[in-house]
Amino acid sequence: MLSRAVVVGAGQAAVALIAKLRALDPDRRITLIGDEPVVPYQRPPLSKDYLKGELPADGLSLRPRDWFEGQGIELRLGRSAIAIDRAAKTLCLDDGAVVGYDHLALCLGSEPRRLPAAVGGSLAGVYVLRRRADADALRPALAGASRVLIVGGGYVGLEVAAVVSGAGRTVTVLEAAPRILHRVAAEPTSDYFRDLHRRNGVRLLEGIGLVALSGQDRVARAILSDGSELPVDLVLVGIGTAPVVELAARAGLAVENGIAVDDRCRTSDPSIVAAGDCTSVPHAGGRIRLESVQNAIAQGETAASTLCGRESPYRPKPWFWSNQYDVRLQIAGLSTGYDATLVRPGKRPGSQSVWYFRRSSLIAVDAINEPATYMVGRKLIEADITPAEAHLTDPGFLLNSLIRW
């Protein structure tokens with residue numbers, strides 16, 4: 001009987017894994033199990049074009065349904081895996097079905113952190129944004145809201161602020177850390193986006209936390225840590241995500257800030273691989289968890305190769321992006337642990353790049369409306385080349401001259 005691979009989770013990592021696996025092994029039986037009733041789709045546009053109404057639902061799909069059918073992929077959508085029997089190599093679903101596997105791939109993703117019910121997190125009018133259903137619920141609710149509070153000044157919160165500001169709305173972003181983007185970017189990048197949002201009428205409250213939300217059945221007021229109160233009609237909670245690890249943990253797989261995998265995407269069970277947001281990967285002597293399209297695709301393809309015995313190590317080379325108003329931020333590398341930054345002016349008004357260093361080595365670049373600089377920065381990081389400070393501070397120096405293209 002042909003070997004059977006079962007993939008749990010239906011996001012970017014799962015689709016990358018399936019496509020690669022089918023290319024390497026045309027005959028293997030493949031089953032995809034996803035807890036949403038729709039074919040796998042892209043998540044990044046949910047807080048951008050999809051929320052604006054500029055991208056239709058079918059434009060989100062990573063692959064059309066007939067692609068899965070043409071590839072011989074069995075789809076079990078709208079179903080959740082609730083238990084793994086590693087000894088029997090079976091998976092139990094929430095509808096009572098038991099699915100056997102020769103190899104199992106966990107691409108479970110991550111879920112948004114929510115406010116506890118004790119502080120008003122369960123009130124009507126309080127939203128998160130992670131799934132298509134979240135965006136489908138949020139979009140009409142925003143149409144009737146005039147006072148919007150966004151809890152969390154990270155990328156998702158700022159992207160939504162950019163989408164919903166204007167049209168007579170009062171939009172407030174509340175960030176408990178000393179500045180927006182505190183966890184993911186240096187001060188120059190925070191400063192740029194603070195100014196951008198304020199110019200567009202968004203109120204930013206930094207260094208102020210949320211104590212509670214109040215209202216009868218629906219949220220009506222936010223109580224803040226500085227003692228002030230805000231009247232609100234709608235609250236979006238954007239305070240980060242947590243990896244979905246419960247299924248793996250109950251099965252006894254190693255978990256460390258995500259399902260722990262090696263550089264071949266192997267878990268602590270030789271029959272199980274994992275990929276995407278739900279995993280933590282080896283990096284710089286420790287482990288990191290990455291939430292990016294690039295990481296999901298690369299890990300998915302690595303996991304597929306591992307399942308086919310064509311193992312090749314995965315080395316994280318992450319890149320990210322964020323669209324806010326008419327500004328596109330592109331990020332190459334990981335700025336974690338940086339000890340110095342340098343700002344390079346862009347060639348156009350409103351453009352610049354922020355270069356991150358650790359122990360004098362280039363580790364990341366934030367390129368703001370500077371796509372060419374982003375590409376150069378990415379190549380430099382991948383080649384482990386650190387430009388001289390004199391070159392970076394000279395706007396006339398051609399950085400791409402440092403790279404062999």
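The analysis underlying the following values was restricted to heavy atoms, covering all of them including side chains, and did not include hydrogens, waters or symmetry mates. Each residue takes its place number in the sequence, starting with 1.
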Novice: Should Asp35 and Arg79 count as an ion pair when the cut-off is N to O under 4.0 Å?
Specialist: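 No salt bridge links Asp35 with Arg79.
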Novice: Between Tyr356 and Arg358, is any side-chain donor less than 3.5 angstrom from a side-chain acceptor?
Specialist: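 There is no such pair (donor and acceptor under 3.5 Å, judged by atom type) between the side chains of Tyr356 and Arg358.
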Novice: Give the minimum heavy-atom separation between Pro371 and Gln330, together with the two atoms involved.
Specialist: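 Between these two residues, the closest heavy atoms are CA-OE1, 3.3 Å.
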Novice: Is the shortest side-chain N to carboxylate O distance from Glu74 to Arg4 below 4.0 Å?
Specialist: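 A salt bridge links Glu74 with Arg4.
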Novice: If you measure from the Lys or Arg side-chain nitrogens to the Asp or Glu carboxylate oxygens, is any gap between Asp136 and Arg132 under 4.0 Å?
Specialist: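 Here Asp136 pairs with Arg132 in a salt bridge, since their nearest N and O are under 4.0 Å apart.
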Novice: Do you see a donor-acceptor pair shorter than 3.5 Å between the side chains of Glu159 and Ser322?
Specialist: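 Short answer, yes.
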Novice: Would Lys48 and Glu54 pass as an ion pair if we require N to O under 4.0 Å?
Specialist: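 Salt bridge: no.
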Novice: Salt-bridged, Arg198 to Asp195, with N to O below 4.0 Å?
Specialist: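 Looking at Asp195 together with Arg198, the answer is no, because their closest N to O distance does not fall below 4.0 Å.
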Novice: Step by step, work out the side chain to side chain donor-acceptor pair (under 3.5 Å) result for Tyr41 and Glu36.
Specialist: CA-CA 10 Å; Tyr41 59 88; Glu36 295 181 75; 2.6 Å; yes
Novice: Would you say that more than 12 heavy atoms from the other residues, nucleotides or ligands in this model lie under 6.0 Å from the NZ of Lys347, or not?
Specialist: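 No.
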Novice: Taking only Lys NZ, Arg NE, NH1 and NH2, and the carboxylate oxygens of Asp or Glu, determine whether Arg378 and Glu382 approach each other closer than 4.0 Å.
Specialist: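 Yes.
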Novice: Taking CG in Asp384 as the centre, count heavy atoms belonging to other residues, nucleotides or ligands within less than 6.0 Å. Is the count above 12?
Specialist: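 Result for CG/Asp384: open.
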Novice: Counting only heavy atoms not in Asp339, do more than 12 fall under 6.0 Å of its CG?
Specialist: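 More than 12 heavy atoms, drawn from other residues, nucleotides or ligands, come within 6.0 Å of this atom.
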Novice: Using the rule side chain to side chain contact (heavy atoms under 4.5 Å, CB included), only one of Leu149, Leu138, Val219 pairs with Leu234; which is it?
Specialist: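 Exactly one candidate clears the test, Leu138.
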Novice: Answer with yes or no whether the side chains of Ser280 and Arg287 bring together a donor and an acceptor at under 3.5 Å.
Specialist: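 Short answer, yes.
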Novice: Take Leu60 and Leu46 through the side chain to side chain contact (heavy atoms under 4.5 Å, CB included) test and state the conclusion after the steps.
Specialist: CA-CA 9 Å; Leu60 287 172; Leu46 294 179; 3.8 Å; yes
Novice: Could you walk me through whether Arg266 and Glu311 satisfy the salt bridge (Lys or Arg N to Asp or Glu O under 4.0 Å) test, starting with their C-alpha distance in whole Å, then the side-chain angles of each, then the deciding distance to 0.1 Å, before giving a yes or no?
Specialist: CA-CA 10 Å; Arg266 297 174 297 202; Glu311 299 179 8; 3.0 Å; yes
Novice: Output, in order, the C-alpha distance, side-chain angles, deciding distance and verdict of salt bridge (Lys or Arg N to Asp or Glu O under 4.0 Å) for Asp134 and Arg131.
Specialist: CA-CA 5 Å; Asp134 296 330; Arg131 299 176 174 233; 5.6 Å; no
Novice: Side chains of Lys89 and Ser271: any donor to acceptor distance under 3.5 Å?
Specialist: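 A pair is found: one side chain offers a donor N or O, the other an acceptor, under 3.5 Å apart.
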Novice: If the threshold is 4.0 Å, N to carboxylate O, is there a salt bridge linking Arg130 and Glu111?
Specialist: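 Answer for the salt bridge query: no.
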